[in-house]
Amino acid sequence: MKETRKGMLLVISGPSGAGKGTLVAKLLEKDPSFCFSVSVTTRGRRENEIEDVHYHFISDEEYDKLLAEDAFIEHASVHGHRYGTLKSEVYDRMEKGQNVLLDIDPQGAREVMSKEKDCVSVFILPPSYHDLRVRLHTRNTENEEEIQRRLNNARGEIRQADRYRYLIVNDNLELAFEQLVAIVRAEKQNTVRYFPVIEE
Ligand code: 5GP
């Protein structure tokens with residue numbers, strides 16, 4: 001049997017501290033059909049981050065230039081910094097049948113959902129606000145002011161979670177990952193991207 005597949009555009013959002021990063025990293029590790037769309041950002045690099053792997057870290061001037069060139073599928077200001085998804089990270093790969101994963105905020109996700117109707121959107125919820133606060137404090141990557149800003153933003157983001165096609169409550173990492181894998185497995189068979197040719 002011959003088959004062709006169109007690449008899946010998987011959009012994952014969720015408030016900082018909901019465990020989205022861990023789920024994204026696990027999916028990329030376990031499912032080689034996915035590649036990660038490396039975003040550009042004007043925020044500074046954290047110690048554990050690698051240039052061109054986690055982000056393309058760029059200046060405000062470079063960001064403005066990309067905007068003027070219409071290089072973005074979507075872009076947004078998040079927690080006071082600018083982020084954008086490059087068309088060059090996404091469309092060529094999808095044409096070749098590769099699946100592409102976007103880890104982006106809800107403003108950007110909304111833009112992608114309106115442009116790419118077949119994208120698969122997933123929102124990761126924390127089990128509680130208390131849990132979110134604890135996780136943000138224990139990961140120790142933001143200062144107190146940044147944590148407060150992220151917690152405030154989280155409430156607004158969670159209110160809009162029903163715009164996504166799927167929701168996962170990350171109460172237990174293994175279970176949450178199983179749910180993500182189940183979504184991906186089903187969506188790979190979706191007729192919008194899967195075209196098996198049945199021979200005589
Ligand atoms: P962080 O600074 O913690 O890496 O990311 C902050 C937020 O920005 C996260 O919610 C992340 O998903 C989002 N983000 C990362 N890249 C992009 C992007 O290209 N576009 C948009 N809209 N959001 C992004």
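Scope of the values below: all heavy atoms of this structure, side chains included, with no hydrogens, waters or symmetry mates.
Counted within 6.0 Å of CD on Glu95, heavy atoms from surrounding residues, nucleotides or ligands total 12 or fewer; the atom is thus considered open. Heavy-atom neighbours of Glu144 CD from other residues, nucleotides or ligands within 6.0 Å: above the threshold of 12. Atom NZ of Lys65 sits in a sparse spot, with 12 or fewer heavy atoms from other residues, nucleotides or ligands closer than 6.0 Å. Residue-environment remark: CZ (Arg46) exceeds the threshold of 12 foreign heavy atoms within 6.0 Å.
Taking CE of Met113 as the reference point, atom CD of Glu74 lies at 11.0 Å (rounded to 0.5 Å). For the atom pair CZ (Arg43) and CZ (Phe57), the distance works out to 5.0 Å, reported to the nearest 0.5 Å. Considering CD of Glu62 and CG of Leu67, their distance stands at 12.5 Å, rounded to 0.5 Å. Distance check: Asp162 CG to Leu167 CG gives 7.5 Å after rounding to the nearest 0.5 Å. The CD1 atom of Ile124 lies 9.0 Å from the OG atom of Ser13; values are rounded to the nearest 0.5 Å. Here SG of Cys35 is found 4.0 Å from CD of Gln98. Values are rounded to the nearest 0.5 Å.
Here the side chain of Arg193 pairs no donor or acceptor atom with the backbone of Gln189 at under 3.5 angstrom. Side chain of Lys115 to backbone of Ile73: a donor-acceptor contact under 3.5 angstrom is found.
Ion pairing of Asp92 with Lys96 is absent here, as no side-chain N (NZ or NE/NH1/NH2) approaches a carboxylate O to less than 4.0 Å. By the 4.0 Å N-to-carboxylate-O rule, Arg149 lies close enough to Glu146 to be salt-bridged with it.
When side chains are defined from C-beta on, Val112 counts as touching Leu9, because their heavy atoms get closer than 4.5 Å. The shortest distance between side-chain heavy atoms of Leu86 and Ser37 does not fall below 4.5 Å. With contacts defined as side-chain heavy-atom distances shorter than 4.5 Å, the pair Leu23/Leu173 qualifies.
Side chain to side chain, His137 and Glu142 fail the donor-acceptor criterion of an N or O pair below 3.5 Å. Donor-acceptor pairing under 3.5 Å is lacking for the side chains of Arg82 and Thr42. With no hydrogens or angles considered, a side-chain donor-acceptor pair links Tyr91 and Glu116 at under 3.5 Å. No side-chain N or O of Tyr55 forms a donor-acceptor pair with one of Glu49 less than 3.5 Å apart.
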Is there a side chain to side chain contact (heavy atoms under 4.5 Å, CB included) between Phe34 and Val184 once you walk through the steps?
-> CA-CA 10 Å; Phe34 275 95; Val184 164; 3.6 Å; yes
Apply the test side chain to side chain contact (heavy atoms under 4.5 Å, CB included) to residues Val78 and Thr41: give CA-CA distance (whole Å), side-chain angles for both, the deciding distance (0.1 Å), then the verdict.
-> CA-CA 10 Å; Val78 190; Thr41 181; over 6 Å; no
Can Tyr164 and Val122 be said to form a side chain to side chain contact (heavy atoms under 4.5 Å, CB included), step by step?
-> CA-CA 6 Å; Tyr164 289 71; Val122 181; 5.7 Å; no
Stepwise, does the side chain to side chain contact (heavy atoms under 4.5 Å, CB included) test hold for His54 with Phe36?
-> CA-CA 9 Å; His54 295 98; Phe36 182 62; 5.9 Å; no
How far apart are the C-alpha atoms of Asn190 and Glu187, what are their side-chain angles, what is the distance that settles it, and do they pass the side chain to side chain donor-acceptor pair (under 3.5 Å) test?
-> CA-CA 5 Å; Asn190 191 314; Glu187 286 288 351; 3.0 Å; yes
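Of all heavy-atom pairs between Val38 and Glu89, the closest is N-OE1, 3.0 Å. When all heavy atoms of Lys117 and Ser114 are compared, the closest pair comes out as NZ-O, 3.1 Å. Counting all heavy atoms, side chain and backbone alike, Gly19 lies closest to Asn170 at CA-ND2, 3.6 Å. Contact between Met94 and Val100 at its shortest, heavy atoms only, is CG-CG2, 3.8 Å. Minimum heavy-atom separation, Ala18 to Leu132: N-CD1, 3.7 Å. Listed here is the closest heavy atom pair of Glu3 and Pro196: CB-CA, 3.9 Å.
Side-chain heavy atoms closer than 4.5 Å link hydrophobic residues (I, L, V, M, F, W, Y) into clusters, and following such links, even through other members, never connects Tyr129 to Val134. Under the 4.5 Å side-chain contact rule for hydrophobic residues, Leu27 and Tyr166 share a cluster. Transitive grouping of hydrophobic side chains (ILVMFWY, heavy atoms separated by less than 4.5 Å) brings Met8 and Ile183 into a common cluster. No continuous path of ILVMFWY side-chain contacts below 4.5 Å connects Val192 to Val120, so the two sit in separate hydrophobic clusters. Taken together through direct or relayed side-chain contacts under 4.5 Å among Ile, Leu, Val, Met, Phe, Trp and Tyr, Leu28 and Leu180 form part of one hydrophobic cluster.
Here the options are Lys188, Arg185, Lys26, the test is salt bridge (charged side-chain N to carboxylate O under 4.0 Å, His left out), and the partner is Asp31; only Lys188 passes. With Phe123 as reference, Ile158 is the one residue of Ile168, Val11, Ile158 to meet the side-chain contact (heavy atoms from CB on, under 4.5 Å) rule.
Listed by chain and residue number, Tyr63, His75 satisfy the ring pair (Phe, Tyr, Trp, His ring centres under 6.0 Å) test with Phe72 (two or more places apart in sequence, or in another chain).
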List the atom pairs, donor and acceptor, that lie under 3.5 Å between side-chain atoms in residues 102-109 and the rest of the protein, sequence neighbours left out.
| unit_1 | atom_1 | unit_2 | atom_2 | d |
| --- | --- | --- | --- | --- |
| Asp103 | OD1 | Lys20 | NZ | 2.9 |
| Asp105 | OD1 | Gly108 | N | 3.1 |
| Asp105 | OD2 | Gln107 | N | 3.2 |
| Asp105 | OD2 | Gln107 | NE2 | 2.9 |
| Gln107 | NE2 | Ser77 | O | 2.9 |

